[in-house]
Amino acid sequence: MTRKISEIKEQNEKRCILCNKPYNYKYQMFGRGCVDNLYDLLKIAKTPRIIANKELYLCTRIAWKDHKFFLSRSKKYNLAQKYIALNYLNRINLPFLDDNKEKISKDINAISIFSKDIVESIPFKLNDVYQAFNSSQKFDEIMNKLKNIDFEKIDEKIAKGYIRSLSFIFDLTKKSNPISYGVFYSMQYVFWQVVVAGGILTNKKLAAMLLLNSLSPFGKKPNDISIESDEISKLITTSKSFKNGINQLIKKYGQDKEEFVIADNALVEDKLIRFDNSDLLYALHDATMLVKAYKNNENKWEFEIKIMDTYDFTDFKDLKEYADSKDDKLTDIFSTLLNNLGVVSSEYGVINTYNVTIKLKTKEGEF
């Protein structure tokens, strides 16, 4: 019996559509605290004492503020929700929200004494907008602090704190609501822009270049890129993984030979290369290395190399799976972190997939 009464009470419980807290007052949409706060937020003078229903008066004043008069109560309440949502969105300092703002503004303009139907170009719950606003404020605070951090001197404790502090913006449950999606998409986009700008990727130019190319506004897909650079060539040829890979190929295919080729149809183990260098580790995961090798007049091997990879983040990694150096826990933490955050951003469409080709020439004695 007690359980049934509790269930009935819960079913009949009113919750504020803004903060989602329960209330038992006579208002239709908001608790009294939120009503009072909305007067301040919207810069509307508080109600005279003779007004009994402050919520309805607030909605009426919003309508007057928007030059809409003689609206029915239902239209006033609907207009108020859209007006409040737009106000919160205008306070969010993030990109890619203009489309949502324009749709809400269009729906507001469609409300009049003569309109028959309520237009909902972009469905939303006011609580979702409110939560998105609070998340954006928290994000701004954290990002402002991070701009002053020297990532070259960061220690493991700060790294772990950093991971925890920003995990909330990589919330896949926010994808279902168009406004929440827009806000969380924008926060992730800004986060990766900061990563590119320096921050975590200090002295990791290739990783920053590839990440930047993958970041695209809504619906825009990145172009495939081909790289021929002396700087990138040196980065690769001085890598321990590259040296070991080439030496293994020479041992396997170059004995008593003047040339050999590792082409597309070669064995996977002959083509696969996993880099150990931290910049290459961030930039290229399991890449394919094609090789044309021949001996020159000095009986030295010369190589034409093509390294190909699909820039993507598809699988969540465990720290042990995605470690650069056992002696460098910080790099392990960040490489794992960035991969896993990248997977979420790929789901959002913030990070996009494309193909990378790196071409270089080298010879024995240069690596």
* Would you mind reporting whether Thr288 and Ile273 have side-chain heavy atoms less than 4.5 Å apart? => no
* Asked: Same cluster or not: are Leu89 and Ile17 linked, directly or through other Ile, Leu, Val, Met, Phe, Trp or Tyr residues, by side-chain heavy atoms under 4.5 angstrom apart?
  -> yes
* Pairing of Glu302 and Lys295 as salt bridge, 4.0 angstrom limit -> no
* To do: Measure from the side-chain N and O atoms of Asp312 to the backbone N and O of Thr353, and report whether any donor-acceptor pair falls under 3.5 Å.
  => no
* Asked: According to a 4.5 Å side-chain heavy-atom criterion applied to Ile, Leu, Val, Met, Phe, Trp and Tyr, with indirect links allowed, do Ile305 and Phe260 form part of one hydrophobic cluster?
  -> yes
* Let me see the working for Thr173 and Asp171 under side chain to side chain donor-acceptor pair (under 3.5 Å), right down to the final yes or no. => CA-CA 5 Å; Thr173 66; Asp171 184 349; 2.6 Å; yes
* To do: Before accepting this row, confirm whether a basic side-chain N of the pair Asp99/Lys103 lies closer than 4.0 Å to the acidic partner's carboxylate O.
  => yes
* How long is the span from the CG atom in Asp224 to the CG atom in Asn355, to the nearest 0.5 Å? -> 4.5 Å
* Asked: Should we count CZ of Phe70 as having more than 12 external heavy atoms under 6.0 Å?
  -> no
* To do: Check whether Val129 and Ile108 end up in the same hydrophobic cluster, where Ile, Leu, Val, Met, Phe, Trp and Tyr are linked by side-chain heavy atoms less than 4.5 Å apart.
  => yes
* Asked: Are Leu86 and Asn100 close enough, and set up right, to give a side-chain contact (heavy atoms from CB on, under 4.5 Å), and what steps lead you there?
  -> CA-CA 9 Å; Leu86 184 60; Asn100 290 340; over 6 Å; no
* Can you tell me if NZ on Lys21 sees more than 12 non-hydrogen neighbours from other groups inside 6.0 Å? -> no
* Linking I/L/V/M/F/W/Y whenever any side-chain heavy atoms sit under 4.5 Å apart, do Val261 and Ile250 land together? -> no
* Check: Lys68 and Trp64 side chains under 4.5 Å, non-hydrogen atoms -> no
* I would like to know whether Tyr77 and Glu55 meet side chain to side chain donor-acceptor pair (under 3.5 Å); could you show each step before the answer? => CA-CA 9 Å; Tyr77 277 61; Glu55 179 187 72; 3.2 Å; yes
* **Contact check, side chains of Lys75 and Ser115, non-hydrogen atoms, under 4.5 Å** => yes
* Main-chain N/O of Glu231 paired with Ser229 side-chain donor or acceptor, under 3.5 Å -> yes
* For Ser239 against Leu280, the heavy-atom pair lying closest together -> CB-CD1, 3.9 Å
* Asked: Roughly how far apart are Asp128 CG and Ile179 CD1, rounded to 0.5 Å?
  -> 8.0 Å
* Say whether, by atom type as modelled, one donor and one acceptor occur between the side chain of Asn109 and the main chain of Ser105 under 3.5 angstrom. => yes
* **Connected via hydrophobic side-chain network under 4.5 Å: Leu249 and Leu267** => yes
* Structure fact -> The residue among Phe170, Tyr185, Phe168, Phe139 that forms ring-ring contact (aromatic ring centres under 6.0 Å, His included) with Phe191 is Phe170
* Might you confirm whether atom CG of Asn144 has over 12 heavy atoms from other residues, nucleotides or ligands at distances under 6.0 Å? => yes
* Structure fact -> residues 207-216 vs side chain to side chain donor-acceptor pair (under 3.5 Å), sequence neighbours excluded, gives none
* Asked: Judged by atom type as modelled, is there a donor-acceptor pair below 3.5 Å linking the side chain of Asn247 to the main-chain atoms of Lys243?
  -> yes
* **Asn244 atom CG: more than 12 heavy-atom contacts under 6.0 Å** => yes
* Considering residues, nucleotides and ligands other than Lys359, do more than 12 of their heavy atoms fall under 6.0 Å from its NZ? -> no
* Can you tell me if Asn78 and Lys82 form a side-chain donor-acceptor pair at under 3.5 Å? -> yes
* What pair of heavy atoms forms the shortest contact from Val350 to Trp192, and how long is it? -> CG1-CD1, 4.0 Å
Please table the atom pairs, donor to acceptor, closer than 3.5 Å between any side-chain atom in residues 30-48 and protein atoms at least two apart or in another chain.
unit_1, atom_1, unit_2, atom_2, d
Asn37, ND2, Gly33, O, 3.2
Tyr39, OH, Lys54, O, 2.8
Tyr39, OH, Leu58, N, 3.3

* Output yes when a side-chain donor or acceptor of Tyr354 lies under 3.5 Å from a complementary backbone atom of Leu210, and no otherwise. => yes
* **Which atom of Ser186 lies closest to which atom of Leu94, heavy atoms considered** => CB-CB, 3.7 Å
* Structure fact -> Scanning both residues in full, the closest heavy-atom pair of Lys271 with Ala266 reads CE-O, 3.4 Å
* Asked: Taking the six-membered ring for Trp, are the ring centroids of Phe275 and Phe242 within less than 6.0 Å of each other?
  -> no
* Asked: OH/Tyr311 to CG/Asn352 distance, rounded to the nearest 0.5 angstrom?
  -> 11.0 Å
* To do: Report yes if the side chains of Phe313 and Asn339 come closer than 4.5 Å at any heavy-atom pair, otherwise no.
  => yes
* Would you give the length of the straight line joining atom NZ of Lys306 to atom CD of Glu228, rounded to the nearest 0.5 angstrom? => 10.0 Å
* Asked: Which residues satisfy the side chain to side chain donor-acceptor pair (under 3.5 Å) test with Glu347, sequence neighbours excluded?
  -> none
* Asked: Quick one: are Leu215 and Ile351 in side-chain contact, heavy atoms under 4.5 Å?
  -> yes
* Give the minimum heavy-atom separation between Ala63 and Leu71, together with the two atoms involved. => CB-CD1, 4.0 Å
* To do: Supply the atom-to-atom distance Lys76 NZ to Leu56 CG, rounded to the nearest 0.5 angstrom.
  => 5.5 Å
* Asked: Are more than 12 heavy atoms from other residues, nucleotides or ligands located less than 6.0 Å from atom NZ of Lys106?
  -> no
* Side chain to side chain, Tyr253 and Val291, heavy atoms closer than 4.5 Å -> no
* With side-chain contact (heavy atoms from CB on, under 4.5 Å) as the test, would you mind laying out the steps for Asp140 and Gln137 before giving the verdict? => CA-CA 5 Å; Asp140 285 345; Gln137 296 297 103; 4.2 Å; yes
* Structure fact -> Taking every heavy atom of Ile122 against every heavy atom of Pro178, the minimum-distance pair comes out as CG1-CG, 3.8 Å
* Check against side-chain contact (heavy atoms from CB on, under 4.5 Å), Val183 and Leu97 -> CA-CA 7 Å; Val183 173; Leu97 298 179; 3.9 Å; yes
* Asked: With a 4.5 Å limit on heavy-atom distance, are the side chains of Arg274 and Asp286 in contact?
  -> yes
* Side-chain contact, heavy-atom cut-off 4.5 Å: Trp301 with Lys363? -> no
* Under 3.5 Å, side chain of Asn296 to main-chain N/O of Glu298, donor-acceptor pair present? -> yes
* Quick check, are the ring centers of Tyr27 and Tyr25 under 6.0 angstrom apart? -> yes
* Asked: Nearest 0.5 Å, what's the CD1-CG distance between Ile236 and Leu360?
  -> 5.5 Å
* To do: Take atom CG of Asn24 as the centre, draw a 6.0 Å sphere, and report whether it contains more than 12 heavy atoms from other residues, nucleotides or ligands.
  => no
* To do: Kindly determine whether Phe303 and Lys292 satisfy side-chain contact (heavy atoms from CB on, under 4.5 Å), including the steps that lead there.
  => CA-CA 6 Å; Phe303 304 92; Lys292 290 182 180 180; over 6 Å; no
* Decide yes or no on ring pair (Phe, Tyr, Trp, His ring centres under 6.0 Å) for Phe184 and Tyr348, but give the supporting numbers first. => CA-CA 9 Å; Phe184 279 75; Tyr348 268 85; 7.1 Å; no
